Amino acid sequence: MPKFDGLDYFNSETLLSDEEILIRNSVREFVSEEVIPIIEKHYREGTFPVKLIPKIAELGLLGANLPQKYGCAELNNVAYGLVLQELERGDSGIRSFVSVQSALVMYPIFTFGSEEQKDYWLPLLCKGEKIGCFGLTEPDFGSNPGGMITKAEKKDGGYLLNGAKMWITNGTLADVAVVWAKLNGEVNGFLVEKGTKGFTAPEMKGKHSLRASVTSELIFQDVFVPEKNRLPNTSGLKSALMCLNQARYGIAWGVVGSMLACYDSALNYAKSRVQFDKPIAAFQITQEKLVYMVTEITKAQLLNIQLGRMKDKGTLRHTHVSLAKRNNCEKALDIARVAREILGANGILDEYPVMRHSANLESVKTYEGTHEMHTLIIGEDITGYQAFS
Ligand code: TGC
Ligand code: FAD
């Protein structure tokens, strides 16, 4: 396979430190050598490549922006973003796995957990010895998680959990689920361990998107959760939404990886495919499509670096993350579709990564807040009018 050099039309590398470039390049190499050769087979078979988990952990990619105290790499947020960008060049399912483990399981334990919970879970999750999932969405409450009906009732020594979650990434694989449920009407976070009586996590089948990722239901029937497994520092729905900011941040970076994969495929194809005695790259309409891709990739790269620097400085607001997630997902999906056009009929084959990225991006544009929800979140921020209820 030819070496992947990425695209850097505006020399955005000059905005990165040597360490950030080194980290990006080592993940890029890992993806070229270990992910791309196997991913189509997993996608076709609808399986997640679990054998990559120890390698991902060994590279320090799980909870990579969390403290070294727990065994994590303690990267800054730009380096963390670059990791996710490179992983998603391989497949959104691989980035999703890492996003969920890092942003939606390790982050809430780190932020809302007790010292005992942090000391026990974070090192195991960082080493990939335990896998986690995040249960917020329910069959009847997707964009509006505040309406959730999953309920916790106080009992001696703990809580009784009843309800169901749906569309949960890593659910069936997970040793521990971060579950959001209402206790006396207020949303709280709980750690529900695999094997707990009354708790099941059947895998959902029939996906045309994110096929190399496990998506599950979580079902709770009188599940007893001991007091030590409640996240003590959560305060209402806002705590769950804080976790979403971390994951949305990772998605804003990740989808640039999909854009790069699609652009690279389309450019190479356009230069080598001859019609009417010319490479199709020599036709103006093809050039317009390639220029569109380069423009949107460049804008997203610059947006992400500023987003990351703001996150590191502590000046990032959740509405900034919404803007980046919304824009980058939409542009990534547009780029995937345009790349498919350039490849003509070949674009639908799994010999090329384009259709897989395109199908994946339908989920990525939907999860972690749909395009419409992010429009309304930003709309409220700039007008002061809340328009989603
Ligand atoms: P609302 O009244 O607006 O807000 C309640 C409180 O929370 C504050 N807030 C946030 N805080 C931090 N981060 C955010 N993103 C926040 N958004 C809101 C807000 O200021 C308020 O604070 P306070 O102090 O005034 O109490 O709440 P609402 O119930 O009206 O809902 C707001 C809405 C619709 C924006 C929110 O529910 C939402 O974002 N909905 C989208 C749902 C979503 O994104 N679900 C994602 C599920 S997880 C997932 O998809 C994982 S995919 C993983 C993978 O595989 O990669
Ligand atoms: P709905 O909320 O029913 O929305 C349907 C449509 O209506 C959308 O277009 C939406 O934008 C629009 N809509 C809704 N309300 C409004 C409004 N007020 N104004 C305008 N339009 C509106 N969730 C988790 O908790 N954990 C996970 O790990 C997880 N992983 C996922 C993995 C995959 C592959 C997928 C596809 C989803 C995953 N999700 C997960 C769920 C995801 O977060 C939800 O699908 C998402 O939040 C949207 O909810 P919904 O699908 O129920 O759509």
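Source: prediction; values computed, not measured. Order of appearance sets the numbers: ligands from 1, and atoms from 1 within every ligand. Hydrogens, waters and symmetry mates are skipped; everything else that's a heavy atom, side chains included, is used.
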> Just heavy atoms, cut-off under 4.0 Å: does Leu136 contact ligand 2 by side chain, backbone, both, or neither?
both
> Do we see a donor-acceptor contact under 3.5 Å between the side chains of Tyr43 and Asp91?
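On atom types as modelled, these side chains do not qualify, holding no pair under 3.5 Å.
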> For the 3.5 Å polar cut-off, considering only N or O atoms, please tell me whether Lys238 and ligand 1 meet it.
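The answer is yes, given that Lys238 and ligand 1 share an N or O pair closer than 3.5 Å.
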> For atom 34 (C) of ligand 1, what is the nearest protein heavy atom, given as residue, atom name and distance?
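Closest protein heavy atom to atom 34 (C) of ligand 1: Met373 CE, 3.6 Å.
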> Which is closest to atom 48 (C) of ligand 2 by heavy-atom distance: Thr169, Thr370, Asn170?
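Closest candidate by heavy-atom distance is Thr370.
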> Within less than 4.0 angstrom of ligand 1, does Arg95 place any heavy atom?
yes
> For ligand 1, note which part of Ile377 has a heavy atom under 4.0 Å away: side chain, backbone, both or neither.
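The part of Ile377 near ligand 1 is the side chain, not the backbone.
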> If you count the atoms of ligand 1 from 1 in the order shown, which ones are under 4.0 Å from a heavy atom of Pro145?
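Result: 37 (O), 40 (N), 42 (C).
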> Please could you name the atoms of ligand 2 that Ile168 approaches to less than 4.0 Å, counting only its heavy atoms?
24 (C), 25 (O), 26 (N), 27 (C), 28 (O)
> Non-hydrogen atoms of Thr370 versus ligand 1: any pair closer than 4.0 Å?
no
> With the threshold set at under 4.0 angstrom, would you say Leu376 reaches ligand 2 through any of its heavy atoms?
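Yes; Leu376 lies near enough to ligand 2 that a heavy-atom distance drops under 4.0 Å.
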> Quick one: which ligand 2 atoms are inside 4.0 Å of a heavy atom on Glu368?
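Numbered from 1, ligand 2 contributes 43 (O).
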> Would you say Met373 and ligand 2 have an N/O pair spaced under 3.5 Å apart?
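The answer is no, given that Met373 and ligand 2 share no N or O pair closer than 3.5 Å.
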> Examine Arg248 against ligand 1 and note whether any of their N/O atoms are separated by less than 3.5 Å.
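Among all N and O atoms of Arg248, at least one is under 3.5 Å from an N or O of ligand 1.
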> In ligand 2, which numbered atoms sit nearer than 4.0 Å to a non-hydrogen atom of Ser363?
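Answer, ordered by atom number: 34 (C), 36 (C).
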> Would you say Ile285 and Val354 are hydrophobically clustered, going by side-chain heavy atoms of ILVMFWY under 4.5 Å?
no
> So, Arg89 and Ser32: side-chain donor and acceptor under 3.5 Å apart, yes or no?
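Present: a donor and an acceptor within the cut-off.
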> Numbering the atoms of ligand 1 from 1, which are under 4.0 Å from a heavy atom of Thr137?
47 (C)
> In ligand 2, which numbered atoms sit nearer than 4.0 Å to a non-hydrogen atom of Tyr367?
31 (C), 32 (C), 33 (C), 35 (C), 37 (C), 38 (C), 42 (C), 43 (O)
> Suppose we measure from atom 50 (O) of ligand 1 to each protein heavy atom; which comes out shortest, and what is that distance?
Glu368 N, 2.9 Å
> Would you kindly specify which portion of Leu241 sits under 4.0 Å from ligand 1, judged on non-hydrogen atoms: side chain, backbone, both or neither?
both
> Distance below 4.0 Å between atom 26 (O) of ligand 1 and any protein heavy atom?
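No.
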> Against heavy atoms of Phe388, which atoms of ligand 2 measure under 4.0 Å?
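That gives atoms 18 (N) of ligand 2.
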> Polar contacts were defined as any N/O atom of the residue lying under 3.5 Å from an N/O atom of the ligand; does this apply to Ser143 and ligand 2?
yes
> Around atom 28 (P) of ligand 1, find the nearest protein heavy atom and jot down its residue, atom name and distance.
Leu237 CD2, 4.2 Å
> Among all protein heavy atoms, pick the one closest to atom 53 (C) of ligand 1 and tell me residue, atom and distance.
Val100 CG2, 3.7 Å
> What part of Lys165 sits under 4.0 Å from ligand 2 if we count only heavy atoms: the side chain, the backbone, both or neither?
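Looking at Lys165 and ligand 2, no heavy atom falls under 4.0 Å.
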> Assess the side chains of Arg337 and Ser358: does a donor N or O sit below 3.5 Å from an acceptor N or O?
no
> Please determine, by modelled atom types, if Thr169 and Tyr367 share a side-chain donor-acceptor pair under 3.5 angstrom.
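Judged by distance alone, the side chains do not pair up.
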> Can a non-hydrogen atom of Ala247 be found less than 4.0 Å from any atom of ligand 1?
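Judged by the 4.0 Å heavy-atom criterion, Ala247 does not count as contacting ligand 1.
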> Just distances here: any N/O of Lys207 and N/O of ligand 2 closer than 3.5 Å?
no
> Tell me which part of Val364 gets within contact of ligand 1: side chain, backbone, both or neither, using heavy atoms under 4.0 Å.
neither
> Quick check on Gly142 - does any of its heavy atoms sit under 4.0 Å from an atom of ligand 1?
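The answer is yes, since Gly142 has a heavy atom less than 4.0 Å from ligand 1.
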> Among all protein non-hydrogen atoms, which one is nearest to atom 41 (C) of ligand 1, and what is the separation to 0.1 Å?
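The closest heavy atom on the protein side is Ser143 O, 3.5 Å.
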> Which residue and non-hydrogen atom of the protein lie closest to atom 12 (C) of ligand 1, and at what distance in Å?
Asn245 ND2, 3.5 Å
> Starting from atom 29 (C) of ligand 2, find the nearest protein heavy-atom neighbour and note its residue, name and distance.
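Nearest protein contact, heavy atoms only, for atom 29 (C) of ligand 2 is Trp167 O, 2.6 Å.
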> Flag the pair Glu227 and Lys154 as a salt bridge only when some basic side-chain nitrogen lies within less than 4.0 angstrom of an acidic carboxylate oxygen.
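Here Glu227 pairs with Lys154 in a salt bridge, since their nearest N and O are under 4.0 Å apart.
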